[in-house]
Amino acid sequence: MQVEVGRERVVRRTSREELIAGLTDTVVEAAERRGKYLLLPLDSGEAAMIHLRMSGQVLVAPPGALRPPHTHVVMHLDPAGADSARDVRHADDVGGSELWFVDPRTFGEVVVFDPQRAHRLLPELARLGVDPIADDFGVDDLRQAFGATRRVLKPLLLDQHVIAGIGNIYADEILHRARLRPDRPADTLDRRRLSVLRDSIVDVLTEAIDAGGSTLGDAQYVDLMGHSGSYQDDHRVYGRGGERCLTCGRGWVRRVVTGGRSTSFCPVCQR
DNA sequence: AAACAAACCTGTGCGC
DNA sequence: TGCGCACAGGTTTGTT
């Protein structure tokens, strides 16, 4: 593939030149994920890492399509080669397309790194906690992380070093599903409640993924094809501050700030 | 150890 | 219509 890089800020760990050199004439062999880190192994032995942070998007588009504002990286994917073993085209074949990294707030980033030496450019990758979707994730994982800390649940769920992949929307939805207050200390949970929390984490994330994610009013989160998700329609507390609780029908959803993040919960059915 | 604030940016929606 | 302000999906860093 050939590569263009606009704003250098999105490759701040290295440089525009290093990103272009690392991607040019390579083949993306897979698309993987650890927590919120998107990983693309390359046939060069290196891998690309993309993090969307708050406002990033990865989009696939026809060659030459009009690029939206804040398109910072463009990868020109090669057509599936006639020399490939069986010139099979799949429904998700994106050969010949462009892959865009778009990010108005430029909190997101793109970098090419050596997976054998990830600690050099991406030290936080090795420090990510258990991934509830990609890894085996049982109540014992939670007991280890939550059993002996006075930290409260909401910031703990958001801590990527403890559990990787939960963001602000899903932390609130998970705690509501588990009927637990966001400000409850983790070490007050017995094994039964830890088990409910474990199931809530897996169920909320799985349902959200199946629904294509949460696309809020500004339509920032969309999938590779630009399609919106529908999980926002299933939010029971996030974005519902001041409304009657959909679950118990008795409490009013409260919106507070915990750890600098907006947090919504029902004080009646979450304990 | 853990809670908190600030920093990094741009866009949007609101009240006036 | 225009302006200023609050706020937004995340993470790191520094301060109490």
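Naming convention: chains lettered A, B, ... in sequence-line order (proteins, then strands); numbering from 1 in each chain.
A salt bridge does not link R236(A) to E243(A): none of the charged nitrogens lies less than 4.0 Å from a carboxylate oxygen.
The distance from atom NE2 of H70(A) to atom P of dT12(B) is 8 Å, rounded to the nearest whole Å. One interatomic measurement links the two molecules: NE2 of H72(A) to C1' of dC8(B), which rounds to 13 Å at whole-angstrom precision. Between D159(A) atom CG and dA3(B) atom P the separation is 11 Å, expressed in whole Å. When rounded to the nearest whole Å, the span between CG of L156(A) and C1' of dA1(B) equals 13 Å. We find that CD of E109(A) is positioned 14 Å from C1' of dC9(B), with the value rounded to whole Å. Following rounding to the nearest Å, Q232(A) (CD) and dA8(C) (P) show an atom-to-atom distance of 17 Å. Across the protein-nucleic acid pair, R150(A) atom CZ and dA3(B) atom P stand 10 Å apart, rounded to whole Å. As a whole-Å value, the separation of R12(A) CZ from dC8(B) C1' is 8 Å.
Enclosure of atom CZ in R151(A) by more than 12 non-hydrogen atoms of other residues, nucleotides or ligands within 6.0 angstrom is indicated. For Q144(A), the CD atom is loosely surrounded, since the number of other residues' heavy atoms within 6.0 Å does not exceed 12.
Just one residue in the list H51(A), R12(A), R13(A) forms a side chain to side chain donor-acceptor pair (under 3.5 Å) with E109(A), and that residue is R13(A).
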Quick one, give me the B/S/- string for nucleotides 10-16 of chain C, reading 5' to 3', where B means a protein heavy atom under 4.0 Å from the base and S means that only happens at the primed atoms, P, OP1 or OP2.
BBS----
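For the residue pair Q116(A) and D114(A), no side-chain donor N or O sits within less than 3.5 Å of a side-chain acceptor on the partner. Side-chain contact check for H72(A) and E8(A): no donor-acceptor pair (N or O, by modelled atom type) lies under 3.5 Å. A side-chain N or O of S214(A) and one of H235(A) form a donor-acceptor pair less than 3.5 Å apart.
Using a 4.0 Å heavy-atom criterion, one finds that S55(A) contacts no nucleic acid atom at all. Across all strands shown, Y170(A) has no heavy atoms under 4.0 Å from either base or sugar-phosphate atoms.
Taking the P atoms as reference points, dA5(B) lies 13 Å from dC7(C), given to the whole Å. Separation of the P atoms belonging to dA6(B) and dA6(C) is 13 Å when rounded to the nearest angstrom. Only the P atoms considered, dG11(B) is 22 Å distant from dT11(C), to the nearest whole Å.
Between T149(A) and dA2(B), a side-chain N or O to OP1/OP2 separation shorter than 4.0 Å is present.
Heavy-atom nearest nucleotides on DNA chain B were determined for A148(A) and for G260(A), and the one closer to the 5' end corresponds to A148(A). DNA chain B is contacted by both D218(A) and R151(A); R151(A) maps to the nucleotide lying nearer its 5′ end (nearest heavy atom per residue).
Rounded to the nearest 0.5 Å, atoms CG (L42(A)) and CZ (F113(A)) are 9.0 Å apart. Atom-to-atom distance recorded for D203(A):CG and R177(A):CZ is 6.0 Å, nearest 0.5 angstrom.
K154(A) has its side chain within reach of L175(A): a pair of non-hydrogen atoms, C-beta onward, lies under 4.5 Å apart.
Where DNA chain C pairs in unbroken runs of 3 or more (Watson-Crick or G-U, both distances under 3.5 Å), the stems are B:2-8 with C:10-16, B:10-16 with C:2-8.
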